[in-house]
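Read through the structure below, which is laid out as structure tokens, and then see the notes.
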Amino acid sequence: MTTPPLLQTWDFDTAEIVAMRFGYGVDGVRPNPTHKDDLIHHIKNPERFPPSVANRPPLAERVAIVRGYRDTISALRMEKAPAKQVKNIANTQKIYIRNTLVQDAHARFNAAVESRTPFFERLVFFWADHFSVSAKNNAVSMVAFDYEQTAIRPYVDGYFYDMLHAVIGHPAMLMFLDNHVSVGPNSRYIKNRKKSKTKKHYGLNENLGRELLELHTLGVRGGYTQADVTHTGQLLSGWSVDKKTYTFQFRSDFAEPNRTVIMGKTYGGSDVSITHMQDLLRDLSRHPKTAEFIALKLARHFISDNPPSHVVNHLATVFLNTDGHLPSVYMALLDTPEVWTTFGQKTKRPFDYLVSGIKATGYPLQELQPIKTKTGRLRNNPLSVGMLKSLNQILYHVSGPNGWSDMGQDWITPPGITYRLVWASRLAKRCFRKQGPLAQDRKNQKLYQATQACLGATPAQDALYLVQGAPTRQDALTLALSNPAFLRR
Amino acid sequence: MVQNIHTYCCEAQSHRPNDFGVSRRGFIQGLVASAGMGLSDISFANVGTDARFILIVLRGGMDGLNTVVPFADSYYAKSRKSLAYDRPNDTDRSVLDLDGYFGLHPALRPLHGLYAKGEMAFVPATATPYRNRSHFDGQDMFENGSNMALGGPEDGWLNRTLRILGDGRVYGLSMGKTTPYVMRGTGAFLSLNPELDLHGLTPDVMGRLQRLYAGDTHPLYGDGDLARALSQAMDSSDLLHVLGASKRRRQDRMKQLAEMAGKTLAMPDGPRIASMSIGGWDTHADQDGLLADNISGLAEVIRALKENLGKAWRHTTVACVSEFGRTVHINGTDGTDHGTAGCAILVGGALNGQKIYGKWPGLHPDALYEGRDVMPTSDVRSLLGEILYVRFGISIYDLETKIFPSLSYMPLGVVS
């Protein structure tokens, strides 16, 4: 018996596209954006800090707590307290830092679910991903959350230069790429080191210099040379961190005092100061290759894995003409016909997928908190941050400084699909449990709403038939959540 | 809402052809049958080769110098100081002799006998074309098989190998929760890990999903990627149940993966090429204990592979490769930093073992790469290419242009 092929119809109306492509999906509980004007409003009047992230403790408070632990350890050591006691406090400090990061990750996830301006929220994630930082050790863990709060969120609706400047000067970026201990070859530090007996061997570290050109601004085909990378590294020396407060500190003794040429222009000098690097950042922000690169990334994020070059060129032109005014670029994007006619050509990355599933089912945020264990350590919630780990999009732990891939092929793998299906089934089960959001649903109203949030108001008939024909309501919801239509945006 | 959709359900669970030209159910039944588990007597055509290849990626930069120790090199002990191992004799820091010049880290004792049997060999000064020292770029370049990290091929060389071997059979097996870059691509492979288990979803739901995904083939919308991934996911999950894998303690996980890999590759008509990743080799501080633990773990994995491959062991070649080696001198924290050339470890029944391959450049200060690392004297891709050429019949042309772009093939004679 031959089976008729399922119809592939991306028959979503504009309101649905607005929510699904530009936001985090149709929400079963909260109000949804339905029109392009709503998206414009998200940028003009953003909810800059959704409650989940607004309620997190600020950096200064965390630093004070960690300093408290450190002082206790020092005091104990002075008193020659037993090693076991010192180790205990050290362990408690470690657990504090790790638990705090776990809570930060859950807050970040929940913010995407609850945000009243999801277009802005999606762009926050985009830029934090573009300027990727990974909590590779305790020090970076301390400042990873503050990074998004103070170097990304305030600038998403401003000028590119301002965000770039905030990012490069943030302790998270400086410590992630080890720039805080990078010293110029002719710096005062190197000159004095010959006299000192210190074992520390700081030298020039090019990492941030390279990533600044390759990943943050010009892009890998940006026309810079290895010499440009080295010189950028030299110009960046001195951009360091005050380890007592975890804030930016310019170390003039680390800074390279010689003039240097980058991309054909001269920077730096014996009058070491932050202004030299700021000059480079400004020039990079205005460079046509930067405009092209940012335009490509935005087009790739919102249109398709290989976006049409005329759209990329147009966005790049707007970027250049407005001196990097990001809202103008976002508006230009919203004004292209392509971004409205290519719905479904992007694959939802794990974060997108999970957040949209939570929203579609109206699953409550109180149930998406970290899990307490007997040892005092917090565990990731298996329905949100925990599943992100299995799906290989671990918050605060990108595998490389170039962030997560924005290409569908990297996420639609056999394990990737397996975990999504397992998750859909798990979420559906919990929705129908006693206290679950779909528990008291005699007339299947909530199930119908959730299905519609996943499949749209006018889904392909075959698809709807398969979903509605499932033997149990739980299976129907699992199928709605696993539907190809819901895996794409 | 709940309708009688009996006929629809039956269609959904039909033995629909998948990418492999045989029904999905049939494929797993076939594997099981030929493994003598007696669930069906469907017979399958020969796969065409008995050769098996397992790539174990050691992530983090394994310290080759303290694993396969050139104890007779006059600069070894001077460079490694407190971390150096002793010449073969009976101290507990003694290496196990291999050829009078090189010796094995004591934690490899369980495998030492393989060397004398000709089932183990080493290439101590080999590297990819990568010459910087970043894990991300180093691993990317190794896994994409080219001489570029960023900007290199989007798929992995092992997947390209699967596509060339092609002919509709599933050749690949990816062990672990996530698909490593080296296995990524459109070539077919199964993914095995106790968590990759779809049996919590009912057969009815799975059938409906198959129908939903089968209709999702438009070239603009993923081009059938969901359907392919689902098919492989279901095959993998079924295989997991055939193997009867249960969740084990964290410490035993690698060993369990090795057991499953061995059993699967032992099947007469099953996958032939497997990948596994073992992390934790980035020993910047207090290296001694860490390295010993890692090496013990690796020895256990290799032993589990051998035991479970059974008769297929004599057709098997295992290559353990890391993205780079480590510095010759130790650092200020009793460890070593990222280096360049490292040591590749080869094990298997299909090996010209009992030999140390490649030119050893020595550890004299003038012989070091950039004054700090072991100088690479061979391209590790040549070694891996040799295994593919000799054991799987892949042409040198394909090796140099498709699987390892930019490679100049130079065989060492490790397999025949």
Side-chain angles (χ1 to χ4, degrees), chain A residues 1 3-8 10 199-201 207 214-215 220-221 304 342 344-345 347 390-392 399-402 407-410 412-419 421-422 424-426 444 447-448 460 462-463 465-473 475-476 478-479 482-485 487-488, chain B residues 1-5 8-9 11-12 14 16 134-137 140 150-151 154-155 174 176-179 184-186 189-191 193 195-198 200-202 204-206 208-209 211-218 220-222 225-237 331-332:
Chain A
M1 186 201 295
T3 38
L6 276 178
L7 293 171
Q8 181 85 69
W10 295 108
K199 267 194 193 169
K200 281 211 171 87
H201 292 298
N207 269 346
E214 186 173 303
L215 302 180
V220 77
R221 275 169 261 281
S304 65
T342 56
Q345 288 188 26
T347 302
S390 299
L391 283 166
N392 226 14
S399 61
N402 52 340
M407 307 287 282
Q409 71 200 44
D410 292 328
I412 304 299
T413 62
I417 286 300
T418 303
Y419 281 120
L421 296 180
V422 164
S425 154
R426 208 186 270 169
N444 293 327
L447 174 59
Y448 177 72
D462 289 7
Y465 190 59
L466 279 174
V467 168
Q468 288 184 327
T472 69
R473 298 184 305 158
D475 286 346
T478 305
L479 287 166
S482 329
N483 197 290
L487 290 170
R488 307 199 199 275
Chain B
M1 177 79 96
V2 177
Q3 299 165 24
N4 184 351
I5 30 77
Y8 229 125
C9 259
E11 277 175 52
S14 71
R16 288 173 54 83
S134 141
H135 290 304
F136 316 126
D137 289 347
D140 281 354
L150 201 62
E154 295 283 335
D155 52 8
S174 168
K177 271 165 53 150
T178 57
T179 307
R184 212 192 293 160
T186 55
F189 58 90
L190 302 178
S191 303
N193 179 282
E195 279 184 24
L196 295 177
D197 185 355
L198 287 171
L201 288 91
T202 64
D204 175 83
V205 167
M206 292 313 298
R208 288 168 189 271
L209 276 171
R211 287 279 293 127
L212 283 169
Y213 287 22
D216 176 69
T217 51
H218 195 292
L220 271 181
Y221 307 115
D225 59 354
L226 279 180
R228 269 194 303 276
L230 179 65
S231 184
Q232 285 163 221
M234 289 173 79
D235 286 343
S236 306
S237 180
N331 62 23

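Every chain is numbered from 1 and lettered A, B, ... according to where its sequence line falls, protein lines coming before strand lines.
- The part of B:Thr202 that comes within reach of chain A is its side chain, from C-beta onward, which places non-hydrogen atoms under 4.5 angstrom from that chain.
- Interatomic distance, CG of B:Leu201 versus OG of A:Ser482, reported as 7.0 Å (0.5 Å rounding).
- Across B:Arg184, B:His135, B:Glu154, the residue that shares the most heavy-atom pairs under 4.5 angstrom with chain A is B:Arg184.
- Expressed to the nearest 0.5 Å, how far CE of B:Met206 lies from CG of A:Leu421 amounts to 5.5 Å.
- For a residue to count as touching a neighbouring chain, one of its non-hydrogen atoms must lie under 4.5 Å from one of that chain's; by this rule A:Ser390 touches chain B with backbone and side chain alike.
- For B:Thr179, the parts lying near chain A are the backbone and the side chain together; criterion is any non-hydrogen pair under 4.5 Å.
- Between the OH atom of A:Tyr419 and the OG1 atom of B:Thr178 there is a distance of 8.0 Å, given to the nearest 0.5 Å.
- With rounding to the nearest 0.5 angstrom, the OG1 atom of A:Thr347 is 7.0 Å from the CG atom of B:Leu226.
- Contact record, A:Thr418 with B:Ala233: OG1-CB, 3.3 Å, taken as the closest heavy-atom pair.
- With A:Pro484 as the fixed residue, the side-chain contact (heavy atoms from CB on, under 4.5 Å) test singles out one of B:Thr217, B:Asp216, B:Leu230, B:Asp225: B:Asp216.
- When heavy atoms are compared at a cutoff of 4.5 Å, A:Thr413 approaches chain B by way of both its backbone and its side chain.
- Of the atoms belonging to A:Leu487, it is side-chain heavy atoms, and not backbone ones, that fall under 4.5 Å from chain B.
- The NZ atom of B:Lys177 lies 9.0 Å from the CG atom of A:Asn392; values are rounded to the nearest 0.5 Å.
- Taken to the nearest 0.5 Å, the CD1 atom of A:Ile417 stands 12.0 Å off from the CG atom of B:Leu196.
- B:Asp197 touches chain A through its backbone: at least one of N, CA, C or O sits under 4.5 Å from a heavy atom, while the side chain does not.
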Side chain to side chain contact (heavy atoms under 4.5 Å, CB included) between A:Asp475 and B:Arg208: does it pass, once the steps are laid out? CA-CA 10 Å; A:Asp475 286 346; B:Arg208 288 168 189 271; over 6 Å; no
